[in-house]
> 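One structure is given below, represented as structure tokens, and several questions about it will come after.
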Amino acid sequence: MINITLPDGNIKSFENSPTGQEIARSISEGLARDTVAVKVNGDTLDVYLPIDHDAEIRLITTKDPEALEIMRHSAAHLMAHAICRVYKDAHLTIGPVVEDGFYYDIDMEPVSEEDFSKIEAEMKKLVKEKLPIRRKVITKKEALDFYKDEPFKTEMIQDLTDGTISFYEQGDFTDLCRGPHVPHTGFIKSFKLTKVSGAYWRADPNRPQLQRIYGTAFFDKKDLKEYLHFLEEAKKRNHRKLGEALDLFSFHDEAPGMPFFHARGMEIWNALLAYWREEHRAAGYVESKTPIILNRALWEKSGHWENYRENMYVTKIDEEEYSIKPMNCPGGMLLYASRPHSYRDLPLRQAEIGLVHRHELSGVLSGLFRVRAFHQDDAHIFMTPDQIEAEILGVLQLTERIYGTFGLGFHLELSTRPEKSIGTDEQWEMATEGLRSALELYGQEYKINEGDGAFYGPKIDIHIQDALKRTWQCGTVQLDMSLPERFDLAYIGSDNQRHRPIMIHRVIYGSIERFFGILLEHFAGKFPLWLAPVQVILLPINDDLVPYARELSEKFTQLALRCEVDHRTESLNRKIREAQLQNIPLILTVGAKEKEKGTLSVRTLDGNVRHGLDHESFFNRVFDHIAKRKIELEIFAE
RNA sequence: GCCGACGUAGCUCAGCCGGUAGAGCAGCUGAUUCGUAAUCAGCAGGCCAGCGGUUCGAAUCCGCUCGUCGGCUCCA
């Protein structure tokens, strides 16, 4: 007799060891149909495997997020199955589930997206056949025999240390796999192959390069459609396209990975920084500026020469070696060390909008998101050990405030000591604990990334979430106990003795270039009024009204609004269309009526048009919207 | 850096198996003077990313270089 406890506390008894399938069927036929796997005392099991002991179970149905992962894993197998049929000499390696789907790394002839349709066609055939997917436990020796002509699988099996080795079979296809899987291929209804790229075996550039084929799968056709729609939407918002269309920035072959910001882009840039300075001043920061070319001796002292050299641009001046700075910190150290400090001066919050250059691999460059020259909204905070918590907490609170202004949510991740690092164990221990306790104090949940810290210290990474729910790492807070040491930084304590200050590096926008790109996609090019490069455009209805429009424009400009007049001899409709496509938040048409009555007709980006606004109520609303840095496109809502 | 795809007018893109470059939008000129998302007509614009090769002949085929995109890796 086997007793099975269900999540609701009910206990069902079975004569023989029941399978998940049988348990589901004992409740209802429909449930049995939708059950993908079963969770037995925390382990996930295939539905057709018998449960031979009393257990607490939970059925995983197609509604569960876990089911999607299981099915996508099965979809990876399905794709591998199809590929092995189409490409005879394909050698499989690994095929995991990833965030939006799955991939499989396969040693085979290079494929392109044009080949997807024939693979997908083969996959569809296999789905129709509803091939049962069955687990088979075998010995290591059997596994090695089976894969004697498969070097990658052989290597994987040899690396397996924890007991059981299982195969999954579907029709004429067998794959080494831990499982679980959906019961048969018919569960994998809506899928699509999405992209292909090269990927090294074991992520090692010295090992063979494989074909990594990506795909995604859903239980419901509607979900797949929705996902594809999301991809379309993301494509439409692509900041490279918008940057070109809105005349914000450009890239040129003469400076790969180094953006040129146009006049309109600079308006946004300057508004971002003005806001940043306002917040930082209020939070007790002072601003500094350090040079971008510094002597090699400095980089040797800071440890960059040893640890970061491959990313640094080096140049020779008067027979001396110099490097263009990839980080601002060593300069910041010199600045701190340039005069003595008292404990009364601490914490010293020394900010710098620093231009850094990093020689990134050519293949990783990507619009504003990944560049070789960028500005960091950096700050180095020097403090006494008992100020650590409060300072980090302060940074987190400032970050929350600033991201909130843009309507961006965020989550936190703590990264610990990496393999390649400087400093002692004690230093790392203390630094990591400092960050951890500040996080606890802040109270928001956080994730831990072991070994992901910078070479000079542990860090808290702040990941924002944009309007399309995509996440981006922007802010980071890094505790550094090594640089103050290397630069022999000191402050005089109340005991009149020299003490070593603790330092943190932190950024909030991160890279201003990248943050700019993220905002561009987040707002889909429709920047809120306070950020819009052109805030007001005046559209005279005919040429006679151009002088009056200019008069108004003059007034607006005096009031510090960024304003333009479209004085072209074009139809009103065309001017409106173009202003709308340029995402100008306040589109004012100027005709005889407005001139006579002294009123304004305003179209906002939500498509609303209001006539007969008097100047005073217009300015009240507009300046209120700007002062509060509101992000709504509707400006004159009741 | 590696793998794959791509690079034609300011932009978006055509250009079949090699015969000497084409459209729409933008620009310019002229006409139109317009009330909430494209008025009409004409004109001009290209060393087909660069270099080399194959060929009687190359945007088209081949090689190299540069750049862009998607990944790998890395990271703000």
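No hydrogens, no waters, no symmetry mates; every other heavy atom, side chains included, goes into these values. Order of the sequence lines sets the chain letters (A, B, ...), proteins ahead of strands, with each chain counted from 1.
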> Could you state the CD-C1' distance from A:Glu413 to B:A76, rounded to the nearest angstrom?
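The distance from CD of A:Glu413 to C1' of B:A76 comes to 14 Å, rounded to the nearest Å.
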> Reckon A:Val356 touches a base, only the sugar-phosphate, or nothing at all at heavy-atom distances under 4.0 Å?
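The answer is nothing, as A:Val356 stays clear of every strand by at least 4.0 Å.
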> Starting from P on B:A76, measure out to CZ on A:Phe374 and report it in whole angstrom.
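One finds 8 Å between P of B:A76 and CZ of A:Phe374, rounded.
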> Can you tell me the distance, in whole Å, between the CZ atom of A:Arg202 and the C1' atom of B:U73?
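Rounded to whole Å, this separation is 17 Å.
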> Across all strands shown, which nucleotide pairs with B:G1 by Watson-Crick or G-U wobble geometry, both distances under 3.5 Å?
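Partner of B:G1: B:C72.
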> Determine, answering yes or no, if A:Tyr214 is stacked on B:G71 under the 5.5 Å centre rule and the 30° plane rule.
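Here A:Tyr214 fails the 5.5 Å or the 30° condition.
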> Any idea which heavy atoms bring A:Glu594 and A:Ser601 closest together, and the distance?
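So the two residues come closest at OE2-OG, 2.5 Å.
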> Kindly state whether the ring of A:Phe374 and the ring of A:His357 have centres lying under 6.0 angstrom apart.
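Centroid separation for A:Phe374 and A:His357: 6.0 Å or greater.
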> I need the CG-P distance between A:Asp253 and B:C69, as an integer number of Å.
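Nearest whole value for this atom pair: 11 Å.
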> Using atom CD of A:Glu578 as one end and atom C1' of B:C25 as the other, report the distance to the nearest whole Å.
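These atoms are roughly 10 Å apart.
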> Which part of the nucleic acid, if any, lies within contact of A:Gly475, taking any heavy atom under 4.0 Å across all strands shown: a base, the sugar-phosphate backbone alone, or nothing?
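Nothing, no heavy atom under 4.0 Å.
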> Applying a 3.5 Å limit to both distances, which nucleotide forms a Watson-Crick or G-U wobble pair with B:U36?
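B:U36 is unpaired by these criteria.
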> Under a 3.5 Å limit for both distances, which nucleotide forms a Watson-Crick or G-U wobble pair with B:C66, could you say?
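B:C66 is paired, partner B:G7.
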> Look at the side-chain N and O atoms of A:Lys195 and state whether any lies under 4.0 Å from the OP1 or OP2 oxygen of B:G71.
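Indeed, a polar side-chain atom of A:Lys195 lies that close.
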> When the C1' atoms of B:U29 and B:G67 are considered, how many whole Å apart are they?
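Result for the C1' pair: 36 Å, nearest Å.
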> Determine whether any donor atom in the side chain of A:Tyr200 lies under 3.5 Å from an acceptor atom in the base of B:G71, or the reverse, and answer yes or no.
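Flag unset: no donor-acceptor pair detected.
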> NA contact type, A:Lys593, heavy-atom cut-off 4.0 Å: base, sugar-phosphate, or nothing?
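If one applies the 4.0 Å heavy-atom cut-off, A:Lys593 turns out to touch a base.
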> Would you mind reading off the distance between A:Leu539 atom CG and B:A38 atom C1', rounded to a whole angstrom?
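Taking atom C1' of B:A38 as the reference, CG of A:Leu539 is at 14 Å.
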> Between B:G35 and A:Glu594, counting only base atoms on the nucleotide and side-chain atoms on the residue, is there a donor-acceptor pair under 3.5 Å?
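In this structure, the two groups form a donor-acceptor pair.
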> Rounding to an integer number of angstrom, what distance separates B:A9 and B:A5 when you compare their C1' atoms?
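Roughly 24 Å separates the two C1' atoms.
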> For the residue pair A:His239 / A:Glu521, report whether a side-chain donor-acceptor contact shorter than 3.5 Å exists.
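A:Glu521 vs A:His239: donor-acceptor pair found between side chains.
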> Does B:U55 pair with anything, Watson-Crick or G-U wobble, both distances under 3.5 Å, and if so, with which nucleotide?
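Base-paired to nothing in any strand shown.
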> Determine the contact category for A:Gln473: base if any of its heavy atoms lies under 4.0 Å from a base atom, sugar-phosphate if only primed atoms, P, OP1 or OP2 are that close, otherwise nothing.
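Answer is sugar-phosphate: A:Gln473 comes under 4.0 Å of backbone atoms only.
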> Can you figure out which of B:G35, B:A76, B:A37 approaches the side chain of A:Arg358 most closely?
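Comparing B:G35, B:A76, B:A37 against the side chain of A:Arg358, the answer is B:A76.
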> Searching all strands shown, indicate the nucleotide that pairs with B:A23 (Watson-Crick or G-U wobble; both distances under 3.5 Å).
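Pairing partner: B:U12.
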> Run the numbers on A:Trp472 and A:Asp466 for side chain to side chain donor-acceptor pair (under 3.5 Å), then give the verdict.
CA-CA 8 Å; A:Trp472 311 92; A:Asp466 73 8; 3.1 Å; yes
> Is the phosphate of B:A76 approached by A:Ser511 (side-chain N or O, under 4.0 Å from OP1 or OP2)?
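So the side-chain polar atoms of A:Ser511 never come under 4.0 Å of the phosphate oxygens OP1 or OP2 of B:A76.
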> Can you find a donor-acceptor pair, distance only, under 3.5 Å between A:Gln580 side chain and B:A38 base?
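For A:Gln580, whose side chain was compared with the base of B:A38, there is no donor-acceptor pair (under 3.5 Å).
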> For A:Lys289, is there an ion pair with A:Glu352 - N to carboxylate O distance below 4.0 angstrom?
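No, A:Glu352 and A:Lys289 are not salt-bridged.
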> Within less than 4.0 Å of OP1 or OP2 of B:A76, is there a side-chain N or O belonging to A:Lys459?
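Answer is yes, contact under 4.0 Å.
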> To the nearest angstrom, how far is A:Asn238 atom CG from B:U68 atom C1'?
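So the CG-C1' distance, A:Asn238 to B:U68, works out to 12 Å.
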> When we call it a touch if two heavy atoms are under 4.0 Å apart, what does A:Ala245 touch: a base, just sugar-phosphate, or nothing?
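No contact.
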> Only pairs with both distances under 3.5 Å count, Watson-Crick or wobble alike; so what is the partner of B:U60 in this structure?
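Its partner: none found.
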> Please report the distance, rounded to the nearest Å, between CD1 in A:Ile508 and P in B:A76.
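In whole Å, B:A76 P lies 16 Å from A:Ile508 CD1.
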> Would you check if there is a donor-acceptor pair between the side chains of A:Ser366 and A:Arg240 at a distance under 3.5 Å?
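Yes - a donor-acceptor pair under 3.5 Å links their side chains.
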> Counting only heavy atoms not in A:Arg470, do more than 12 fall under 6.0 Å of its CZ?
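More than 12 within 6.0 Å, yes.
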> Picking from B:G70, B:U36, B:U39, which would you name as closest to the side chain of A:Glu570?
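Selected nucleotide: B:U39.
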> Looking at side-chain heavy atoms only, is the closest gap between A:Ile576 and A:Arg603 below 4.5 Å?
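Yes; the side chains approach each other to less than 4.5 Å.
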> Side chain of A:Asp543, heavy atoms from C-beta onward: which of B:U33, B:G35, B:U68 has the nearest atom to it?
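Minimum distance to the A:Asp543 side chain belongs to B:U33.
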> What interatomic distance, in whole Å, is found between C1' of B:G27 and the corresponding atom of B:G10?
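Result for the C1' pair: 8 Å, nearest Å.
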> Does A:Glu233 come within less than 4.0 Å of A:Lys236, counting only side-chain N to carboxylate O?
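Yes.
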> Quick one: is B:C72 close enough that its OP1 or OP2 comes under 4.0 Å of any side-chain N or O from A:Arg370?
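Negative; the distance criterion is not met.
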> B:G70, OP1 or OP2 - any side-chain N/O from A:Arg240 closer than 4.0 Å?
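Affirmative; the distance criterion is met.
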> Is the shortest side-chain N/O distance from A:Ser362 to OP1 or OP2 of B:G1 below 4.0 Å?
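So the side chain of A:Ser362 is within the cut-off, an N or O lying under 4.0 Å from OP1 or OP2 of B:G1.
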> Write down the distance separating the C1' atoms in B:G52 and B:C16, rounded off to the nearest Å.
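Straight-line distance between the two C1' atoms is 28 Å.
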> If the P atom of B:G50 is compared with that of B:A59, how far apart are they to the nearest Å?
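Pairwise P distance, B:G50 against B:A59, rounds to 10 Å.
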> Has A:Thr216 got a side-chain atom pairing as donor or acceptor with A:Asp100's backbone, closer than 3.5 angstrom?
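Yes, A:Thr216 side chain to A:Asp100 backbone: donor-acceptor pair under 3.5 Å.
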> Output yes when at least one side-chain N/O atom of A:Arg603 is less than 4.0 Å from OP1 or OP2 of B:A37, else no.
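For B:A37, OP1/OP2 do have a side-chain N/O of A:Arg603 under 4.0 Å.
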> Rounded to whole angstrom, note down the P distance from B:A21 over to B:G46.
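Here B:A21 and B:G46 have their P atoms 13 Å from each other.
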> Select from A:Ile541 and A:Ser571 the residue whose nearest nucleotide in RNA chain B is closer to the 5' end of that strand.
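Closer to the 5' end of RNA chain B: A:Ile541.
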> Quick one: classify the glycosidic conformation of B:C11 as syn or anti, with syn meaning within 90° of 0.
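B:C11: anti glycosidic orientation.
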> Hey, is the side chain of A:Asn573 pairing donor to acceptor with the base of B:U36 inside 3.5 Å?
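In this structure, the two groups form no donor-acceptor pair.
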> Under a 3.5 Å cut-off for both distances, is B:G45 Watson-Crick or wobble paired, and to whom?
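None - no nucleotide pairs with B:G45, as no candidate has both distances under 3.5 Å.
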> If I pick the C1' atom on B:A14 and the same atom on B:G4, what distance separates them, to the nearest angstrom?
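Approximately 25 Å lies between the C1' atom of B:G4 and that of B:A14.
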> Answer with base, sugar-phosphate or nothing: what part of the nucleic acid does A:Ser601 contact at a heavy-atom distance below 4.0 Å?
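Base contact.
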> With a non-hydrogen cut-off below 4.0 angstrom, is A:Val364 in contact with a base, only sugar-phosphate, or nothing?
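Base, at least one base heavy atom under 4.0 Å.
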> Which sits closer to the 5' end of RNA chain B, A:His611 or A:Met327, going by the nucleotide each is nearest to?
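Whichever sits nearer the 5' end wins; that is A:His611.
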> When the C1' atoms of B:A38 and B:G15 are compared, how many Å lie between them, rounded to an integer?
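These two C1' atoms come out 28 Å apart once rounded.
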